[in-house]
Structures are given as structure tokens and as C-alpha cells.
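Data block below; observations after.
In what follows, every chain begins at residue 1, and chains take the letters A, B, ... in the order their sequences are listed.
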Amino acid sequence: MSDQEERYEDSQLYKIRHSAAHVMAQAVLEFYPEAKYTIGPPVENGFYYDFDLPQPIVLEDLEKIEKRMRQIIAGGHPFVKKVISGEEARQVFKDQPYKLELIEGLEKGGTDEYGNPLDEKPEISVYQSDAFTDLCRGPHVETTRQINPSAIKLMSIAGAYWRGDEHNKMLTRIYGTAWRTPDELKNYLKMIEEAKARDHRKLGKDLEIFIYDEEVGPGLPLWLPRGGVIIEELEKLAKEMEEKAGYLRVRTPHLAKEDLFLHSGHLPYYAESMYPPMELEGTKYYVKPMNCPMHHKIYGAKPRSYRDLPIRLAEYGTCYRYEKSGELFGLMRVRSMQMNDAHIYVTEDQFEQEFMGVIELYKKYFDLFGIEKYVMRFSLHNKEGLGKKYIDNERLWLKTEEMVRRAMTNGSVPFVEAANEAAFYGPKIDVQIWSAIGKEFTLATNQVDFAQPGRFDLKYMSREGVEETPLCIHRAPLSTHERMVGFLLEHYAGNFPAWLSPEQARVIPITDNQNGYAEGIVRQLREAGIRASSDVSSNRMNAKIRDAQLMKTPYMLVVGENEASAGQVSLRVRDGSRQDNIPLAEFVARAKDRIERRAPEL
RNA sequence: GCCCUCAUAGCUCAGUCGGUAGAGCACAUUCUUGGUAAGAAUGGGGUCAUGGGUUCAAAUCCCAUUGAGGGCUCCA
């Protein structure tokens with residue numbers, strides 16, 4: 001959004017949604033008078049309101065609430081603002097414990113009614129419309145008439161912790177959406193439907209990329225042959241790029257003794273999301289949740305000189321993390337993953353260049369995949385977390401954060417800063433993306449680590465003959481195979497460029513008289529390095545084309561009597577374009593060109 | 001992990017009031033030998049997620065478990 005555009009918070013739509021939330025709260029309170037109400041802000045595409053309800057609410061209840069909302073809206077009730085004292089507010093909300101807690105926060109200053117930090121002490125105000133009064137700073141529409149009753153819809157019921165803290169009570173959240181006009185609502189609902197068609201979970205099933213099996217376990221995807229091809233291509237790409245950039249490939253085991261993860265410092269921070277240890281002959285072993293400690297061991301295996309640095313150790317390492325059951329999501333959040341991992345050991349002087357080298361690598365990949373919508377997110381520590389969430393060394397935090405900030409600024413790479421989101425061992429730059437259904441994910445990551453090299457006593461001999469500790473950069477530009485394939489499925493809506501397509505060409509004989517010819521073509525294509533198969537089923541040609549099209553095959557080669565007798569093929573491209581009766585060699589040249597260049601076009 | 005919802009054939013989904021199951025696609029066979037997104041007929045295929053309970057009787061009602069979905073929390 002550009003600066004010229006109106007901020008969402010100032011828009012009429014924001015007021016409509018905020019007001020719709022109040023109307024919904026009124027309706028809910030009419031049905032459940034004992035309910036305690038909490039907060040109800042507008043959000044992207046709509047609004048929600050959180051209640052502490054005396055009984056569970058079910059989907060069918062939403063209909064009656066929605067119906068009542070329309071009645072309230074029809075009443076044309078004005079929204080009236082009143083600024084009151086804390087004492088008066090406590091009187092108004094004397095039976096509303098959550099509101100009393102909010103009032104206390106407002107009086108103390110420092111937080112707004114949603115618990116967000118504020119610079120100055122806010123005034124306390126209430127908005128009243130019809131029979132409903134809420135602690136609220138607004139803004140609202142003037143009267144409920146400005147909410148279009150045909151442009152609102154209650155969407156879902158969800159649980160949400162009071163003030164977003166899992167130690168607090170779980171409240172009932174009702175999500176709604178509201179728009180200016182019924183058409184806008186219709187478009188929004190249509191957009192949601194379209195997003196579902198792009199959902200990698202649906203595409204992954206339809207295109208036979210991966211499956212989950214109940215007996216194997218949640219979060220443990222099985223890659224089908226067609227998914228395996230994509231993974232092989234991604235690995236090939238990464239290895240090519242990393243070889244050019246001076247990375248060295250290493251391989252490390254899937255398990256290690258407890259000592260290693262104690263040493264690295266991961267165990268105290270992440271024990272909960274590691275698979276529990278297995279104990280043999282009195283020794284505990286953990287399945288590795290990350291590769292870095294093993295790479296540190298490789299670095300430390302022999303003395304290093306400043307002349308050796310930077311040392312870049314790369315591995316497509318297989319890791320396992322016990323993500324909580326509710327956190328799993330398709331391929332985007334899994335328990336077994338293979339990471340495009342590498343660790344770069346640098347001197348302080350080399351840091352900026354190497355760090356930006358990784359950012360440059362991101363950009364190359366993003367160009368290749370045509371990724372335009374992403375945000376570089378610079379994650380920082382916060383002071384309160386030192387010694388708990390973060391390594392307790394403020395000086396190094398500030399120093400490395402400044403190094404990253406300077407590098408990004410010097411490199412003219414736009415980024416946003418995110419407080420209190422760093423890794424425990426240092427600041428990082430994450431690339432943030434959104435799934436088809438709007439869920440947020442971290443794709444690539446580039447992290448500074450000033451803690452582990454010291455813990456592992458990693459050294460290099462400086463020019464001055466003094467032992468120094470290197471900095472370590474953890475990076476994963478292609479993320480994990482799981483997340484990358486999930487992302488690419490949605491990014492391309494399954495229409496992979498030729499080089500990534502599991503099946504690049506399908507030969508379609510028109511009658512079974514051409515089956516032999518078709519199979520001969522497949523042999524030649526495979527010989528030329530093109531992934532091809534033939535459809536010798538008893539289907540008619542039209543059905544074969546439809547099948548190939550549904551699998552989003554980039555090239556279809558139709559061969560009938562004409563083609564067979566002339567030694568030619570008729571090319572149908574996935575986009576529907578055609579080139580009839582061309583020599584096979586002409587197609588092979590075209591396909592090979594696209595594949596070798598990893599071209600976006602077919 | 002927490003709140004809510006859901007689970008019927010390989011896939012997508014019907015199944016009313018409780019009376020032991022249906023469709024389309026896919027698959028197999030046969031007919032059809034076709035010109036750029038579904039030719040036709042016939043057939044096989046289900047311990048209704050799993051385990052308990054209520055009932056003369058459970059896909060259907062209740063409980064638990066497992067898995068999935070929408071959120072919350074979390075994500076080295």
C-alpha cells in the first residue's frame with residue numbers, strides 16, 4: 001500500500017466493521033445474557049468479537065445471531081461516544097471482569113483497550129448504540145444504518161486465549177466479515193473459493209505430489225513419485241548455485257547424543273519441540289531438529305586460519321521437530337523436513353559481504369520463480385527476553401543487529417523490523433510469504449549466530465596470530481523441501497514450469513494403431529532427458545487430453561495416423577496453443593531449451 | 001497443546017424419523033478406432049475412522065481414541 005492511500009484504520013470500511021462487531025456483541029449478549037464480553041476489533045477482511053460464554057456455541061447459532069444483527073441494524077441506532085472517568089467506567093462495567101481489567105490497563109496507561117502498548121495515557125471512552133455499551137475508543141459509523149445488512153456475514157467460531165496468552169482462559173471468538181456493498185461481500189466470498197482451488201493441500205492430492213497416512217503419523221508426509229521429481233529438481237538447483245558460490249557439501253547423521261544439543265544450547269530452549277530421547281546403554285540420543293551443531297563439529301575438526309574463511313558448509317539435512325498437533329498445516333508446517341541448510345563461518349570483516357551474498361542468492365531464486373510478493377522481516381531480540389528466550393549478551397545482540405541493519409541498508413534491500421522475534425542465538429532476516437488461504441509463512445531465512453561458535457569453542461587464527469571466534473551465518477534460501485514445494489504449488493497453482501513439472505510431456509496416440517509409435521517417441525524423449533510417458537489407455541483422444549490437462553502436463557504430443565506415417569508429432573501446450581505436424585526434433589529442441597534455462601514460459 | 005467443527009468406495013459427495021448403504025468420477029471387461037478438455041454398456045469395489053455404550057435394532061444417539069479442517073498459542 002502506498003503512502004498516498006488512506007490508512008485502513010481511517011477508512012469507512014474500518015468503521016463499518018468495528019460497528020458490526022458491536023452489533024454482533026449486542027446480539028450475542030441478548031441470546032446469552034450471562035456472557036462476559038471482551039474485545040472486538042476490525043481485522044483484515046472483517047472483524048471478530050471474543051466472548052466468555054456460559055455454554056459452547058455452535059455453527060447453527062450463527063444464523064440466528066446474524067438474523068438478529070440485521071434487525072438491530074434496521075433500527076438505525078446512532079453510535080454515541082462518551083468520555084468518562086475511570087471510576088464511572090468501573091461502575092458501567094461492574095459485572096464485566098474483562099472490561100475492568102482493560103480499564104485498569106487504560107488508567108495505568110501504557111496499553112490500549114486491546115492490550116497493545118501505547119506511548120501516552122489514553123482517555124477512557126464508551127460507545128453506546130441501542131441497548132449495547134462498549135468500552136471503546138472508536139471510531140464508528142454514525143448510525144447502524146450505515147452498515148449494509150446484506151453485506152455482512154458471520155464466518156466461523158474459533159477459540160482464542162484472553163490477551164493472546166495461552167496461560168489465560170480460552171474465549172469463544174466469532175469471526176465475521178463486513179463490506180460496503182453486497183457485491184463486495186460476494187466478491188470476497190468468491191475470492192475465498194478461488195483460493196481453495198490453489199490450496200497446496202488440494203493441489204498436492206490432485207496432482208499426486210504427496211500424501212499423509214494415518215499410520216505413518218501426522219506431519220510426516222510421504223512424497224509420491226511426482227513429488228519426488230520436484231524435490232530432485234530443487235536439490236539439483238541448490239547444488240548448482242551453492243557450488244558456484246563456494247559452498248562445500250557435507251553429510252551428517254540423523255541422530256546425536258544428548259550432549260551435543262546441551263552443548264549447542266538448543267535443548268534448554270526447544271526440548272518441548274524435539275522428539276523425546278531414546279536411551280541405549282545408558283546414553284540418550286535425540287533425533288536432530290537442526291543441523292547446525294553437527295556442522296559446527298565439522299568446522300572444529302581441524303585448526304582454521306583466517307585464510308580459510310569464509311567456510312561454507314552445506315547440506316540438505318533431514319530434521320525432525322515435534323510441532324504441536326494443532327500447529328501442523330499441510331506441507332507448510334510438518335514434523336519431518338529436509339532443509340536447504342548451510343552454515344557460513346566468517347570473520348567480522350567478512351560478515352557484511354557474506355550476509356549480503358545470501359540475500360543476493362535469495363533474489364536469484366525469487367527471480368527464477370517469479371516471486372514478487374514477499375516481505376523481508378528483520379527479527380530482533382528484546383531486553384526482557386535476555387537470559388530466557390535469548391542468549392544473555394546484550395552487547396553482542398546490539399552489535400550484530402547493527403551489522404545486519406547496516407548490511408541491508410548498504411545493499412538497499414527494503415525490510416521491516418520485528419521486535420522480539422529473533423532466534424535465541426542471534427538476529428535474523430526471514431522472508432515472509434502468504435499461502436493461498438492467507439496463512440503467513442517464513443520461506444527463506446538468514447540468521448546470525450554469535451552464540452554457538454563460542455559454545456563450541458570454534459576458533460580461527462587471525463592475521464595477528466591471535467585465536468578468534470568466528471561468527472556463523474545460518475541460511476536456508478530454499479527453505480525446506482516441504483515448505484518450498486507447498487509454496488510453489490500455490491505460487492504456480494500447480495502449473496509448474498517445464499523444468500519442475502513431474503511429467504514434462506505426454507504422448508497421446510489417437511487410436512491404438514499408434515501405440516507403438518507413441519512408445520517409440522517416449523523412448524526418444526527420455527533419451528533426450530525429457531520426462532515423458534504415453535497414454536495407451538482405451539480412452540478416446542479427447543479424454544486423454546483432458547486427463548493430461550488436469551494433471552497440468554506442460555506438453556502433450558498428439559500422434560495419429562498422419563503423424564505416424566510422416567514421423568512427426570502434433571504439439572498441444574498446456575495453455576491450449578498448438579503446433580501441428582512438426583518434426584519430433586523441433587519439439588525436443590524447444591522443450592530442452594525451456595528445461596535447461598529453467599524458463600518460466602513453455 | 002487449547003476452543004469449535006468434521007470423518008460413508010481410490011476421489012468428490014448423498015444417505016430423511018435409528019430399521020445392517022447410494023451416485024458421479026476412477027478401476028476392470030466388452031463394444032467403439034476416434035483429430036485437441038469426458039463415446040457407450042456391463043462389472044468388481046464398503047467391518048460407514050477405531051474402541052466402547054444406549055437400543056429389539058446404530059452410518060445415524062452418547063462417551064473415548066485416532067486423524068483432518070477453522071482459529072488461538074508456538075515455529076531454532
Would you classify A:Tyr425 as touching base, sugar-phosphate or nothing, given that sugar-phosphate means primed atoms plus P, OP1 and OP2, and contacts are heavy atoms under 4.0 Å? sugar-phosphate

Among B:U12, B:A37, B:A76, find the nucleotide with the atom closest to the side chain of A:Arg572. B:A37

Check whether the side chain of A:Ser273 and the base of B:A76 form a donor-acceptor pair under 3.5 Å. yes

Taking for each residue the nucleotide of RNA chain B with the nearest heavy atom, is it A:Asp547 or A:Glu214 whose nucleotide lies nearer the 5' end? A:Asp547

hbond_proxy A:Asn542 side chain to B:G34 base (donor-acceptor, 3.5 Å cutoff): no

Does the ring centre of A:Tyr49 sit less than 6.0 Å away from the ring centre of A:His18? no

Report which part of the nucleic acid A:Lys439 touches: base, sugar-phosphate, or nothing (heavy-atom distance under 4.0 Å, all strands). sugar-phosphate

Using the ring centroid of each side chain, check whether A:Phe261 and A:Tyr270 are separated by less than 6.0 Å. no

Pick base, sugar-phosphate or nothing for A:Ile508, based on heavy-atom distances below 4.0 Å to the nucleic acid. nothing

Of all the nucleotides listed (B:G39, B:G34, B:C2), which has the minimum atom distance to the side chain of A:Met170? B:C2

When you measure from the side-chain N and O atoms of A:Lys205 to the phosphate of B:U12, is any distance below 4.0 Å, counting only OP1 and OP2? yes

What is the nucleic acid contact for A:Tyr175, judged by heavy atoms within less than 4.0 Å: base, sugar-phosphate only, or nothing? sugar-phosphate

Does the B:C72 base have a donor-acceptor partner in the side chain of A:Arg163 within less than 3.5 Å? no

Consider ring pair (Phe, Tyr, Trp, His ring centres under 6.0 Å). Of A:Phe329, A:Tyr374, A:Phe487, which one does A:Phe441 pass it with? A:Phe329

Under-4.0 Å side-chain N/O to phosphate OP1/OP2 contact, A:Arg546 with B:U36: no

Under 4.0 Å between any heavy atoms, over every strand shown, what does A:Glu272 touch: base, sugar-phosphate, or nothing? Just pick one. nothing

Establish, for the pair A:Lys552 and A:Phe496, whether the NZ or CZ atom is under 6.0 angstrom from the six-membered ring centre and no further than 45 degrees off its axis. no

From the set B:G67, B:U73, B:C75, return the single nucleotide nearest to any side-chain atom of A:Lys389. B:C75

Measure from the side chain of A:Ala158, starting at C-beta and using heavy atoms only, and say which of B:G70, B:A76, B:A37 lies closest. B:G70

According to a strict under-4.0 Å criterion, is A:Arg335 in side-chain N/O contact with OP1 or OP2 of B:C75? no

Does A:Asn513 get its side chain close enough to the base of B:U33, under 3.5 Å, for a donor-acceptor pair? no

Selected nucleotide, minimal atom distance to A:Arg540 side chain, candidates B:A76, B:G34, B:C74: B:G34

Measure from the side-chain heavy atoms of A:Arg578 and tell me the nearest of B:U73, B:U36, B:A76. B:U36

It should be established whether A:Ser156 places a side-chain nitrogen or oxygen under 4.0 Å from OP1 or OP2 of nucleotide B:G71. no

So A:Ser570, base contact, sugar-phosphate only, or nothing? Heavy-atom distance under 4.0 Å. base

Would you please indicate yes or no on a ring centroid separation below 6.0 angstrom for A:His296 and A:Tyr345? yes

Which nucleotide in the list B:G35, B:U12, B:G1 gets nearest to the side chain of A:Tyr161? B:G1

Could you work out which one of B:G67, B:A76, B:A38 sits closest to the side chain of A:Ala543? B:A38

Taking the minimum atom-to-atom distance to the side chain of A:Thr511, which one of B:G70, B:A76, B:U33 wins? B:U33

Between A:Lys544 and A:Asp547, is the closest basic N to carboxylate O distance under 4.0 Å? no

Give one of base, sugar-phosphate or nothing for A:Arg173, where a contact means two heavy atoms less than 4.0 Å apart. sugar-phosphate

Determine: side-chain N/O of A:Lys428 to OP1/OP2 of B:A76, distance under 4.0 Å, yes or no. yes

